[in-house]
Structures are given as C-alpha cells and as structure tokens.
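Report on the structure given below.
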Amino acid sequence: MFEETFVEELATRIGSRVEIATDNNFIEGILSTVTEELVLVIEVSNGYGSSTIMYIAVDAINFVRFPVAA
C-alpha cells in the first residue's frame, strides 16, 4: 500500500532534481520517469561528457530527497 502512494508522489515530481539512496548507490540527477516498478533518473554531468541514465527498482530505494536550489 505504501509503495503505491510512494510511486504516485514521485510521479508528481518528474522533472525535479532528486537524490536517491539504495543499499549500494547514491544517485543524484533529474527525475525523468516513474512506473510502478522502476524510477528513471538522468545524472547530468558537469562537464563535456554525456549524461548517464539510471534505472532504479522502486523496492530498492531506501530514501529520496528533493534538494532545494541555492
């Protein structure tokens, strides 16, 4: 039940900067897509490299934070 509400809330934040922690990773980027099972985050590079696309299983997420722009 909580997972459903969590996914719905994430879907309202598409396009926002996001920080997501799992057991093994800390991902920072732009929240791009949210489905019932997966979250897609685009990690934007600060230099000339290309952006990295990260798919994260919803059930692997430990926490999500939406940092405030300074």
Side-chain angles (χ1 to χ4, degrees):
M1 183 169 134
F2 173 74
E3 191 171 305
E4 195 174 301
T5 305
F6 179 57
V7 168
E8 289 172 6
E9 178 61 28
L10 286 177
T12 67
R13 307 272 190 134
I14 290 175
S16 301
R17 292 205 54 78
V18 67
E19 297 173 350
I20 297 177
T22 67
D23 287 345
N24 302 319
N25 294 306
F26 183 76
I27 299 106
E28 298 177 85
I30 305 296
L31 184 61
S32 177
T33 305
V34 177
T35 69
E36 292 178 16
E37 297 177 9
L38 293 172
V39 172
L40 171 63
V41 175
I42 300 173
E43 292 181 299
V44 180
S45 67
N46 293 335
Y48 290 101
S50 60
S51 299
T52 304
I53 298 172
M54 297 289 298
Y55 289 95
I56 306 149
V58 171
D59 60 356
I61 296 173
N62 292 335
F63 77 82
V64 175
R65 186 175 148 221
F66 297 95
V68 177

Checking Ile27 against Glu43 for the side chain to side chain contact (heavy atoms under 4.5 Å, CB included) test, could you report, in this order, the C-alpha distance in whole Å, the side-chain angles of both residues, the deciding distance, and whether it holds? CA-CA 7 Å; Ile27 299 106; Glu43 292 181 299; 3.8 Å; yes

Tell me every residue that passes side-chain hydrogen bond (donor to acceptor under 3.5 Å, both in side chains) with Arg17, counting only those two or more places apart in sequence or in another chain. none

What's the separation between atom CZ in Arg13 and atom CD in Glu8, rounded to the nearest 0.5 Å? 14.0 Å

One should read off an interatomic distance between Thr33 OG1 and Ile42 CD1, to the nearest 0.5 angstrom, of 7.0 Å

For Tyr55, does the OH atom sit with more than 12 other heavy atoms under 6.0 Å from it, leaving out its own atoms? no

What is the distance from atom CE of Met54 to atom CG of Asn25, rounded to the nearest 0.5 Å? 5.5 Å

Do you know which two heavy atoms are closest between Leu31 and Val41, and how far apart they sit? CD1-CG2, 4.4 Å

Heavy-atom nearest pair, Asn62 first then Thr22, reads ND2-C, 3.1 Å

What's the spacing between Ile20 CD1 and Leu10 CG if we round to 0.5 Å? 6.5 Å

Only one of Leu38, Thr35, Val39, Val34 passes side-chain contact (heavy atoms from CB on, under 4.5 Å) with Val7, and that residue is Val34

